[in-house]
Every structure is written in C-alpha cells, then in structure tokens.
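Report on the structure given below.
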Amino acid sequence: MHKSIDCGSLRKTHLSQDVILAGWVHRRRDHGNIIFLDLRDRSGLIQVVFDPKSAPQAHNIAESVRNEWVLKIKGVVSNRPEGTINPDMPTGDVEIFANDIEIMSRSKTPPFYINEESDVDESIRLRYRYMDLRRPFMQEILVLRHKVVKFIRDFLDNYDFIEIETPILIKSTPEGARDYIVPSRVHPGMFYALPQSPQQLKQLLMASGFEKYFQIARCFRDEDLRADRQPEHTQLDLEMSFVHRDDVLSLIEELMINLVESIIPDKKINKPFPKITYHESMDRYGTDKPDLRFGLEIIDITKCFITSEFQVFQKVIEDGGVVQGIVVPGQGNMSRKKLDKLVEQARQLGAQGLVWIGLPEELASEDYDLENIRSSISKYITQEELKKVVLATKSSANDLLLIVSGEKKLTQTVLGQLRNSLGLSLELVDQNQLEFAFIIDFPLFEPGDNEGQWTAAHHAFTMPKEGQAAKLETDPGSVIADSYDLVCNGLEIASGSIRVHDRELQERILKVLGYNLEQINERFGQLLESFDYGAPPHGGIAPGIDRLVMVLAGLDSIRDTIAFPKTQSAVDPLFGSPGPVEDIHLDELKIRVLDSE
Ligand code: ASP
C-alpha cells in the first residue's frame with residue numbers, strides 16, 4: 001500500500017506515530033511561513049503542517065501543490081496547539097507534522113468546488129461525475145446505499161432466501177412502460193428486450209421450487225422521466241411460495257424497521273405500519289401515496305350543500321360530483337396573496353376553482369355570522385350552510401377551509417396535491433420522521449386510453465382478491481386485486497401482489513387486457529406452461545433501492561443515489577450516451593437508421 005493509515009481515522013491515540021498518508025488536497029492555506037493542507041481520502045480529512053524550518057524540501061513542494069492534487073505524505077502525528085483544536089472535525093485534536101511529500105498526480109482547476117457543498121448545475125456535475133462523487137456528501141450517500149443493500153442481503157439470507165440472477169437479455173416483460181430492445185447479430189431482424197422487471201422469471205423460479213428468492217435486480221423501462229425516475233433502476237426483487245399477503249407484508253415491515261434502526265438510528269420510524277385500502281387512501285388523502293407525516297385529511301361535505309343556492313355547487317352535485325375540503329388549522333388569516341396562489345395552483349391542477357373560508361379568531365358555537373368570516377363565497381352561502389360545514393369538518397376558530405367541487409377523482413387529486421404542498425410550505429413535515437404505510441386492495445384494472453380498454457393497475461400477473469374473479473368479464477373496473485404498495489413520506493417505495501398461478505384465470509385476465517389467445521401464447525406462453533406442471537401459490541414485492549435510499553437520506557433527487565445516473569432526458573453526459581454506432585455494426589445487425597428529420 002502507498003499509505004499506512006487512513007486520514008480520517010487519526011486520533012490522539014496515534015500521537016507520536018510515524019505515518020504515511022495518501023489522498024487528495026482538499027484545501028490549502030498558506031499562513032506566512034507555515035503551510036496547512038487538509039488531506040482527504042474516503043475516510044475523511046486530516047490537517048497536515050509543513051514547517052520550512054524542520055522540513056524545508058517538503059515545504060517547498062507543498063507550496064506548489066493545488067486543490068485535488070494527489071499526494072503521499074510522511075509525517076508524525078502531533079497534538080494541535082492550544083486554541084487550534086477543531087471540534088467540527090473528527091480528527092480535529094491532532095495534525096500531521098510532515099517531513100516528506102510526494103506528488104502522485106496533478107489536477108487541473110476543477111470545474112466546481114469539491115470542498116464545498118455549493119449548488120452546481122446538474123449537467124456539469126454529471127459531466128464530471130467522477131469529481132462530483134469525490135464530494136464527501138456524495139460519498140456518504142453511496143456508502144449508505146452500500147449499507148442498505150448489504151443489510152437487505154444479510155437479513156434475507158437469515159430468513160433462508162437465496163439470491164438468484166436472471167438474464168438481462170430476455171423478452172418483453174410488461175410493467176407498463178416501453179421496452180428497451182437489443183438487436184441480435186446472430187439472428188438478424190430479431191431482438192431481445194431488457195427486462196422491465198424480472199417478474200415472470202421470479203414466478204418461474206417459484207414453479208421451480210425455490211420458495212424464497214431475491215435479487216438486487218436492474219430494471220429497464222423506457223418511459224418519460226420524472227425527478228424520481230430513471231431509464232434503469234435497481235430493485236430488491238423478492239418472491240415467496242405458499243404465502244398470503246400478510247406474510248409478505250410482515251417480512252417487508254420487519255426488514256424496513258430493522259434496516260432503519262440499525263443504519264440510520266437517528267431517524268424516527270412509525271411502527272407498526274398501518275394498512276390502508278386504496279379507496280380509503282384516495283378518500284382521505286387524494287392519492288395512493290399519502291404523506292402521513294401530517295393531517296389535513298380530505299373531508300366530504302357534499303351533503304352540506306344538497307339544497308345550496310350556490311350555482312357552482314348545485315351544478316356539480318346535480319352532475320353526480322362532490323364537494324370536498326381540507327381544514328388548515330390556524331391559517332384563518334392567511335394572506336390574500338397566498339390564497340390567490342392556492343387558487344391558481346388548484347386551477348392548474350384542473351379544478352374549476354378553489355373556495356376558501358377563513359374562520360375568525362373567535363368562534364362562539366352560535367356565531368356563524370357571515371360578516372365575520374373571510375371567504376371567497378361569503379355572498380353565495382347561507383349561515384346555515386356555513387354552520388353545517390364547520391360542524392362536518394370539525395373546524396374551529398382561526399382555521400382555513402379549502403374547498404373544491406367537481407368530479408370525485410379530480411377533486412380528490414387536486415385536494416391531495418394542495419395538501420402536500422401545504423404540508424411542506426407550512427412546515428408541518430418533520431424531516432426526521434419516516435411514516436411508512438401499506439396501501440392494499442388496489443383495483444385490478446385501470447381504464448386504458450380508449451373507451452372500453454383496460455390496463456393492469458399493477459401488472460398482468462396479479463391475483464384478484466377472493467370472490468372477485470367472477471366479475472372479470474362483466475365489470476372489470478370493479479375487480480379488487482390482492483395487491484399492495486409500500487409508501488413512505490408520500491413516495492411509493494415498493495409494489496407487489498399475490499400472483500395468479502392458474503392458466504385459466506391468467507388467460508381470462510390477459511383477455512380483459514386485450515390480448516388474444518395467439519398473443520397470450522406468444523408473449524406469456526412460458527409462464528402459462530409452467531402453471532400446467534404444478535405451480536405453487538406465490539406472491540412477492542419489489543422495493544426500489546434508489547428511491548428507498550433517497551427517502552432514507554432525505555434527498556430530493558433519485559439521481560443523487562446512483563453513481564452514474566442519466567439526466568431527465570435519458571442522457572449520460574459523461575459517456576455521451578446514447579450515441580451513434582459505426583455503420584459496420586449496423587451492417588452486421590442488418591439495421592438501417594432512417595433520417596430522424
Ligand atoms: N414486478 C413488480 C414491479 O417491478 C413488482 C412485483 O410485483 O413484485 O413493479
């Protein structure tokens with residue numbers, strides 16, 4: 001080794017020892033005669049001192065070095081003089097008195113500061129990712145990610161799971177996105193597809209009798225990217241035989257609690273994890289990924305306006321819509337400017353408008369005097385209606401009521417989004433809290449783009465809940481699935497389900513999804529055939545590792561959890577991918593690229 005000890009590990013116990021260090025110049029300060037360098041390696045920083053009197057040659061060289069040069073330094077561990085101890089640095093009690101220095105590599109001026117947590121444009125960070133990853137903040141995230149994955153492996157190993165790899169070059173495995181496809185040279189005109197997930201493969205492993213499988217699997221999905229999506233993501237893919245839903249959920253709950261408590265013990269985690277049905281989650285939070293760190297639940301107040309003269313509500317109710325609201329405690333005096341912003345936000349989300357009612361600082365139970373109340377509809381509602389609303393929403397003095405009316409799903413979604421932004425802007429969210437929940441009983445199907453078309457809400461292999469299969473052909477939209485998600489702090493962390501293991505049922509579901517028998521056999525024949533040879537009941541789940549690390553580390557972007565991510569437009573600026581290939585490769589593949597103009 002070029003070094004005898006790591007920079008960040010030096011403490012008083014090493015006093016007077018001769019050490020050899022190697023690392024990057026994090027910072028250099030010239031104090032008259034004496035030069036101070038902070039040397040950085042993965043373990044942290046140590047201050048090194050060059051004194052021209054005791055080591056003139058080393059001092060001379062130290063004068064020439066700059067940030068990010070790589071050095072090897074020999075020296076003695078010494079006490080820092082009185083008054084220069086740095087309690088913010090783990091190594092801050094000591095420093096190295098250098099007697100020799102060797103320059104191992106020089107650096108140009110870096111495109112951004114490595115030694116500061118400054119805001120750097122993401123395209124520059126990704127273009128120079130190897131330097132971005134030198135930043136202690138990024139190193140910490142990747143170390144956390146390593147610990148999370150190691151914890152998962154050890155935990156599952158303890159429960160007798162075995163890790164099995166499955167192929168990357170495979171065939172279409174639908175999870176609701178487009179496939180990335182790879183042309184075959186040996187079979188010109190034929191293509192592999194990269195797995196959107198190992199779904200069918202893990203089910204085949206259950207048919208093979210492995211009973212408990214997992215894999216830290218890469219999944220490839222060609223879809224429009226958002227802040228928390230990437231063309232390729234990593235998931236803990238897991239499958240178990242002979243299980244019911246709650247067997248899978250208990251295992252995942254135990255895994256998450258143990259993982260958080262051992263790796264990031266400073267975070268608060270709720271336990272046990274509540275189970276909320278999809279419909280309840282939509283009704284109370286307007287989303288299937290509720291942030292449960294704060295209240296502001298949605299309340300249906302349609303019945304308060306059944307006889308309303310207010311035309312907007314009247315019309316909505318006549319058309320079968322709803323009137324719903326949230327109570328924001330203590331915000332009855334919210335400024336007009338902020339209220340206007342909320343109204344604008346509601347409109348942008350698709351609502352016709354947003355009604356607000358600010359209750360006065362004092363609200364005696366009989367005092368629903370409209371004169372005292374700030375509201376965008378004080379001219380249109382009656383005292384009686386207001387009273388009903390206050391009672392129905394259990395609101396009290398100085399509360400703010402935000403009300404949206406319209407088609408149920410849209411109303412819920414708009415209020416759900418307003419709820420999320422208010423949770424953040426009013427600082428109702430404890431950033432140190434992790435609030436997990438299982439969302440269960442999703443619909444099996446969602447309406448597709450065209451009338452009468454259905455898509456799988458989770459994926460095509462999900463089992464309908466007991467007693468629900470009878471409605472597959474007659475009322476597919478109402479079929480409830482034995483499926484579940486794990487959510488945390490408003491993000492979906494995992495999805496899973498109990499699977500179909502019977503050919504006839506699987507064929508019926510695939511038919512609802514619009515596949516004919518020929519397509520079913522061509523695309524899913526391998527899985528269906530395995531059901532003909534004795535397939536156990538089975539189910540599983542797949543937590544996304546990138547997203548999990550993002551939540552655990554309290555980050556905003558999934559890209560910060562991935563060593564070499566792609567930009568939002570699916571580009572890697574460091575490698576310049578995707579890029580063209582040489583004609584000779586295309587010829588071998590018998591592929592011609594059409595002009596994209
Ligand atoms: N294959 C599913 C997914 O990738 C997860 C599962 O059902 O286990 O979302």
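Whatever order the structure lists ligands and atoms in, that order sets their numbers, starting from 1. No hydrogens, no waters, no symmetry mates; every other heavy atom, side chains included, goes into these values. We number each residue from 1, following the sequence as shown.
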Ligand 1 atoms in contact with [X] (distance to a heavy atom under 4.0 Å):
| X | result |
| --- | --- |
| Lys202 | 6 (C), 8 (O) |
| Ser197 | 1 (N), 4 (O) |
| Ser495 | 5 (C), 6 (C), 7 (O), 8 (O) |
| Gln199 | 1 (N), 2 (C), 5 (C), 6 (C), 7 (O), 8 (O) |
| Ile541 | 8 (O) |

Problem - Under 3.5 Å: donor-acceptor pair, side chain of Asn516, backbone of Gln519 - result: yes
Problem - Any side-chain donor near an acceptor of the partner, Glu175 and Ser197, under 3.5 Å - result: yes
Exercise for the section: Could you verify whether a donor N or O on one side chain and an acceptor N or O on the other, from Ser172 and Asp179, lie under 3.5 Å apart? Expected result: yes
Practice task
Could you list all the side-chain hydrogen bond (donor to acceptor under 3.5 Å, both in side chains) pairs where at least one residue sits in residues 242-262, not counting sequence neighbours?
Solution key: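 Sorted pair list: Tyr159-Glu254, Glu261-Lys271.
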Practice task
May I ask you to check if ligand 1 and Arg499 share an N or O to N or O distance below 3.5 Å?
Solution key: yes
Handout entry: Heteroatom proximity flag, Gln196 to ligand 1, N/O under 3.5 Å
Key =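 Between Gln196 and ligand 1, no N or O pair is found under 3.5 Å apart.
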Handout entry: Qualifying residue for side-chain contact (heavy atoms from CB on, under 4.5 Å) with Leu527, from Gln200, Arg499, His501
Key =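 Single pass found, and it is Gln200.
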Practice task
On the 0 to 90° scale, with breaks at 30° and 60°, tag the Phe161-Phe214 ring pair as parallel, tilted or perpendicular.
Solution key: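 Aromatic pair Phe161/Phe214 classed perpendicular.
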Check each heavy atom of [X] against ligand 1 and say whether those closer than 4.0 Å belong to the side chain, the backbone, both or neither.
| X | answer |
| --- | --- |
| His233 | neither |
| Gln235 | side chain |
| Arg221 | side chain |

Exercise for the section: Could you find the nearest protein heavy atom to atom 3 (C) of ligand 1 and give me its residue, atom name and distance? Expected result: Glu175 OE1, 3.4 Å
Practice task
Could I get the full list of side chain to side chain donor-acceptor pair (under 3.5 Å) partners for Lys268, not counting sequence neighbours?
Solution key: Asp430
Practice task
Flag this pair as yes if the NZ/CZ of Arg419 is under 6.0 angstrom from the six-membered ring centre of Phe294 and inside a 45 degree cone about the axis; otherwise no.
Solution key: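 That pair qualifies as a cation-pi contact.
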